[in-house]
Novice: 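Quick one: the structure is below, questions incoming.
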Amino acid sequence: MDIRGFLADEKKRRTAVMASLMVVFFTCILLLVWLFSAEVLKPAGFGTVSARVSENPWRLRLSARLPGVYRGAPADENGKFSYRRFSEGDTMYCAYFGLLNIREEPDAEAAVAARISYGDAIQVFWKENTGYVRVRYTKPHTSKIVEGYCVIEELSEAPPSDGRVFLDVPGYKQYDPRWGALPLGDSYETIASAGCATSCLAMSYSYLEGAPTTPDGMAERLYYDEHGRLGFPKVYEKDWDGDYLEHALTQLQKGIPVLIGGFTEDDHPHWVLITGYTGDGTELKASDFLISDPASEERPTLAEYIRDYPVHDKIVYYKGEV
């Protein structure tokens, strides 16, 4: 037998087998692609859901702008399409200037699990027919995660583009009977008489740490001299610069409340905490800065504070661990 002819025939057989295998392989790939496009759930973005039947009568597609709406999802008895999100959720932002509740259930009467403030980012997972969306929220400056429900109408797909800031800082009064009579260190002063800075720091720590720290709980963190004067913690930066409004806004935009101290004309000191900003950022005015005053309910903005304490001392804000 001619060995060369045998080898040639063997080569042809192998080529034919390989060609057949390639045809089978690509046919399987095309089949899998068709099945994948027909059945796999695919997301889109927020809006009104409408359904249409494509050219293929076996497939139902959703034409929508809702994040997490998927092809092939069944409609309920009301003709609405339920949908899910990816496990990590879609990011949205609080568009309400103030505090927006996250509730434990999708109901206005349900308990409040947490609050988000203007510009805060949250993860949204799915929508309820009640107008609520399921959300997951990580509190600023902490790793604490809260899950619950939030109204969709107060959320935005894009972060706010203006310069306003609203921080969810708790308000404490130095004259509160729960701690007002307590002394400042070993001095003759009390929280009620001279604990404005102590109260402001308690508000600041409560916000930054995501857990309430009341003025009476600051004793272990603060130092007072024999006259009750406070020594600020090393993790706080002091700034005597004349452009204190600009510097205060910079910190607010980082999510950091700012203490500001001043004096009356007869040299009486007082501290308040700056917690928000309502201006457009072009011309900084004291009337656009929101404050929490531990000694009064009558001074909601920095302008009222400066009216009563016109001699500026300094601002103090958290700078991080040293």
Side-chain angles (χ1 to χ4, degrees), residues 141-142 167-242 244-245 247-248 251-252 256-276 286 289-322:
H141 308 288
T142 74
L167 304 183
D168 183 15
V169 179
Y172 299 139
K173 298 302 179 187
Q174 63 192 84
Y175 52 76
D176 191 305
R178 290 174 293 176
W179 50 71
L182 297 177
L184 299 177
D186 297 325
S187 74
Y188 56 87
E189 296 284 6
T190 65
I191 294 178
S193 66
C196 52
T198 297
S199 300
C200 289
L201 282 171
M203 292 186 252
S204 178
Y205 271 117
S206 294
Y207 173 74
L208 294 172
E209 296 178 346
T213 300
T214 52
D216 57 321
M218 296 299 296
E220 298 179 357
R221 306 177 108 164
L222 303 176
Y223 166 79
Y224 303 93
D225 65 15
E226 65 274 15
H227 302 293
R229 289 189 290 257
L230 169 69
F232 282 97
K234 292 182 180 180
V235 294
Y236 278 76
E237 179 79 19
K238 304 180 186 69
D239 190 341
W240 287 268
D241 197 300
Y244 63 91
L245 291 181
H247 294 173
Q251 297 307 315
L252 289 175
I256 299 175
V258 178
L259 288 83
I260 182 168
F263 297 89
T264 60
E265 295 290 359
D266 59 358
D267 209 33
H268 178 71
H270 185 51
W271 289 87
V272 298
L273 188 68
I274 305 175
T275 61
F289 286 84
L290 305 176
I291 66 170
S292 184
D293 188 334
S296 174
E297 297 281 2
E298 305 300 323
R299 293 188 283 259
T301 73
L302 191 58
E304 280 86 11
Y305 167 74
I306 293 176
R307 175 198 63 203
D308 297 336
Y309 296 86
V311 182
H312 174 65
D313 181 15
K314 58 181 173 287
I315 62 173
V316 179
Y317 51 86
Y318 180 78
K319 67 176 180 180
E321 298 296 334
V322 294

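What's counted below: heavy atoms across the whole structure, side chains too, no hydrogens, waters or symmetry copies.
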Novice: Can you give me the closest heavy-atom contact between A194 and Q174, atom names plus distance?
Specialist: N-NE2, 4.1 Å

Novice: Is a donor on one side and an acceptor on the other found under 3.5 Å between the side chain of D241 and the backbone of Y244?
Specialist: no

Novice: Please state whether the rings of Y236 and Y318 are parallel, tilted or perpendicular, taking 30° and 60° as the class boundaries.
Specialist: perpendicular

Novice: Can you tell me how far apart NE2 (H312) and CD1 (I260) are? Round to the nearest 0.5 Å.
Specialist: 5.5 Å

Novice: Any heavy-atom pair between the side chains of T213 and R221 that's under 4.5 Å?
Specialist: yes

Novice: Side-chain contact, heavy-atom cut-off 4.5 Å: I274 with Y317?
Specialist: no

Novice: Checking Q251 side chain against A248 main chain: does a donor-acceptor pair fall under 3.5 Å?
Specialist: no

Novice: Would W179 and Y172 satisfy side-chain contact (heavy atoms from CB on, under 4.5 Å), going step by step from the backbone distance to the final call?
Specialist: CA-CA 10 Å; W179 50 71; Y172 299 139; 4.2 Å; yes

Novice: May I have the step-by-step check of side-chain contact (heavy atoms from CB on, under 4.5 Å) for K314 and W271, ending in yes or no?
Specialist: CA-CA 10 Å; K314 58 181 173 287; W271 289 87; 3.8 Å; yes

Novice: Contact between E237 and H247 at the side-chain level, heavy atoms closer than 4.5 Å - yes or no?
Specialist: no

Novice: Report yes or no: does S187 contribute a side-chain atom to a donor-acceptor pair with the main-chain N or O of L184 at less than 3.5 Å?
Specialist: yes

Novice: Does P233 reach the side chain of L222, with side-chain heavy atoms less than 4.5 Å apart?
Specialist: yes

Novice: Hey, is the main chain of G195 close enough, under 3.5 Å, to the side chain of S199 for a donor-acceptor pair?
Specialist: yes

Novice: For Y188 and H227, run side-chain contact (heavy atoms from CB on, under 4.5 Å): C-alpha distance rounded to whole Å, both residues' side-chain angles, the deciding distance at 0.1 Å, then the answer.
Specialist: CA-CA 7 Å; Y188 56 87; H227 302 293; 4.2 Å; yes

Novice: Kindly compute the distance separating CD1 (I291) from CG (L302), expressed to the nearest 0.5 Å.
Specialist: 6.0 Å

Novice: Of the non-hydrogen atoms in A286 and I306, which two are nearest, and what is the gap between them?
Specialist: CB-CD1, 3.8 Å

Novice: Roughly how far, to the nearest 0.5 Å, is CG of L167 from NE2 of H141?
Specialist: 7.5 Å

Novice: Any heavy-atom pair between the side chains of L230 and L201 that's under 4.5 Å?
Specialist: yes

Novice: Judged by atom type as modelled, is there a donor-acceptor pair below 3.5 Å linking the side chain of S204 to the main-chain atoms of C200?
Specialist: no

Novice: Can you tell me how far CG of D313 sits from CH2 of W240, rounded to the nearest 0.5 angstrom?
Specialist: 7.5 Å

Novice: Just wondering, more than 12 heavy atoms not from E226 lying within 6.0 Å of its CD?
Specialist: yes

Novice: Can a donor-acceptor pair be found, under 3.5 Å and without considering hydrogens, that links the side chain of K173 to the backbone of S296?
Specialist: yes

Novice: Could you check if a side-chain atom of F232 sits within less than 4.5 angstrom of a side-chain atom of L259, using non-hydrogen atoms only?
Specialist: yes

Novice: List the steps, then state whether side-chain contact (heavy atoms from CB on, under 4.5 Å) holds for T198 with Y224.
Specialist: CA-CA 10 Å; T198 297; Y224 303 93; 2.6 Å; yes

Novice: Under the 3.5 angstrom rule, does the side chain of Y305 hit a backbone N or O of G262 as a donor-acceptor pair?
Specialist: yes

Novice: What distance separates D176 CG from T214 OG1, expressed to the nearest 0.5 Å?
Specialist: 9.0 Å

Novice: Are H270 and P294 close enough that some pair of their side-chain heavy atoms sits under 4.5 Å apart?
Specialist: yes

Novice: For P215 versus A202, what's the shortest heavy-atom pair and its separation?
Specialist: N-CB, 3.7 Å

Novice: Would you say the side chains of T275 and Y207 form a donor-acceptor pair under 3.5 Å?
Specialist: no

Novice: Within this structure, what is the CG-CG distance for the pair D186 and D225, rounded to the nearest 0.5 Å?
Specialist: 10.5 Å

